[in-house]
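Reading through the structure tokens given below for one structure.
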Amino acid sequence: METAYINSPLGITKIVGDDDGIAVISVSDVGTNEVSPTIPDVLQAAVLQLQEYFEGRRTDFDLKLNPKGTDFQQKVWKSLLEIPFGKTVSYMDQTKKLGDVKAIRAVASANGKNPLWIVVPCHRVIGTNGSLTGYAGGLSRKKWLLEHENPSTQQSLF
């Protein structure tokens with residue numbers, strides 16, 4: 001597995017992967033790790049696509065993904081990929097789509113273990129009442145990502 005660290009508006013982003021795909025994309029506070037002086041070839045596309053996302057030039061990712069998790073976690077993470085850019089769903093909506101409303105805690109837990117920050121968009125899942133709840137990267141990052149994907153436009157009075 002190859003690893004690279006890049007700057008992002010939300011902190012240092014760690015990318016881990018190999019020829020089988022990207023296994024981890026995570027964020028940490030600035031200063032935790034140093035930015036990589038060179039990017040391994042197998043991570044180049046991920047770095048480029050994340051940069052384009054942060055620059056507002058990318059709404060979908062086209063990467064080979066290889067996250068490690070249980071069959072249930074994989075199923076939950078796959079359902080996250082169906083949430084369109086700029087949209088949100090509630091944990092209950094996601095759970096209903098997966099077919100078992102009693103599994104809401106397990107679904108939320110699987111979302112929290114999502115190893116592919118931004119690319120598998122668990123930040124697009126919110127509370128049923130519209131609240132920003134439960135985000136491993138911190139609620140301030142979740143708020144930033146949602147605003148980045150759906151910026152409110154100032155309406156003119158004239």
- Query: In Å, rounded to the nearest 0.5 Å, how long is the span from OH of Y91 to OG of S109?
  - Reply: 10.5 Å
- Are V24 and I39 connected in a single hydrophobic cluster, I mean Ile/Leu/Val/Met/Phe/Trp/Tyr linked by side-chain heavy atoms less than 4.5 Å apart? no
- Note on the structure: Looking only at heavy atoms, the pair that brings G69 and Q74 closest together is N-NE2, 3.4 Å
- Side chain of D93, backbone of S90: donor and acceptor closer than 3.5 Å? yes
- Query: If Ile, Leu, Val, Met, Phe, Trp and Tyr residues are connected whenever their side-chain heavy atoms lie under 4.5 Å apart, and connections chain through other members, are V47 and Y53 in the same group?
  - Reply: yes
- Message: Is there a path of hydrophobic side-chain contacts, each under 4.5 Å between heavy atoms, that joins L48 and L63?
- Response: no
- Mutual orientation of the aromatic rings belonging to H123 and Y135 [parallel < 30°, tilted 30-60°, perpendicular > 60°]: perpendicular
- Message: Using side-chain heavy atoms (C-beta onward) and a distance below 4.5 Å, is R124 in contact with L80?
- Response: no
- Note on the structure: d(R141 CZ, L146 CG) to nearest 0.5 Å is 14.0 Å
- Query: Regarding Q73 and N114, is there a side-chain donor-to-acceptor distance under 3.5 Å anywhere?
  - Reply: no
- Query: So do the side chains of L116 and W77 get within less than 4.5 Å of each other, counting heavy atoms only?
  - Reply: no
- Looking only at non-hydrogen atoms, find the nearest pair between S36 and A4 and report the distance. OG-CA, 3.3 Å
- Non-hydrogen atoms of P67 and P115 that approach each other most closely: CB-CG, 3.5 Å
Output a table of donor-acceptor pairs, distance under 3.5 Å, between side-chain atoms of residues 9-23 and any protein atom two or more places apart or on a different chain; print 'none' if there are none.
unit_1, atom_1, unit_2, atom_2, d
T13, OG1, S8, OG, 3.3
D18, OD1, D20, N, 2.8

- Message: If we check side chain to side chain donor-acceptor pair (under 3.5 Å) with S131, which of these qualifies: T133, T128, N129?
- Response: N129
- Close side-chain approach of Q94 to S79, heavy-atom, < 4.5 Å: yes
- Note on the structure: CZ of F61 to CZ of F85, rounded to nearest 0.5 Å, is 8.5 Å
- Query: If you group Ile, Leu, Val, Met, Phe, Trp and Tyr by side-chain heavy-atom gaps below 4.5 Å, do L81 and L145 land in one group?
  - Reply: yes
- Could you list all the salt bridge (charged side-chain N to carboxylate O under 4.0 Å, His left out) pairs where at least one residue sits in residues 75-87, not counting sequence neighbours? E82-K97
- Item | Check: F54 and I118 side chains under 4.5 Å, non-hydrogen atoms | yes
- Query: For V119 and Q49, what are the C-alpha separation, side-chain angles and deciding distance, and is it a side-chain contact (heavy atoms from CB on, under 4.5 Å)?
  - Reply: CA-CA 9 Å; V119 174; Q49 290 184 33; over 6 Å; no
- If you measure from NZ on K142 to OG1 on T88, what distance do you get to the nearest 0.5 Å? 9.0 Å
- hydrophobic_cluster_shared for V125 and L139, side chain cutoff 4.5 Å: yes
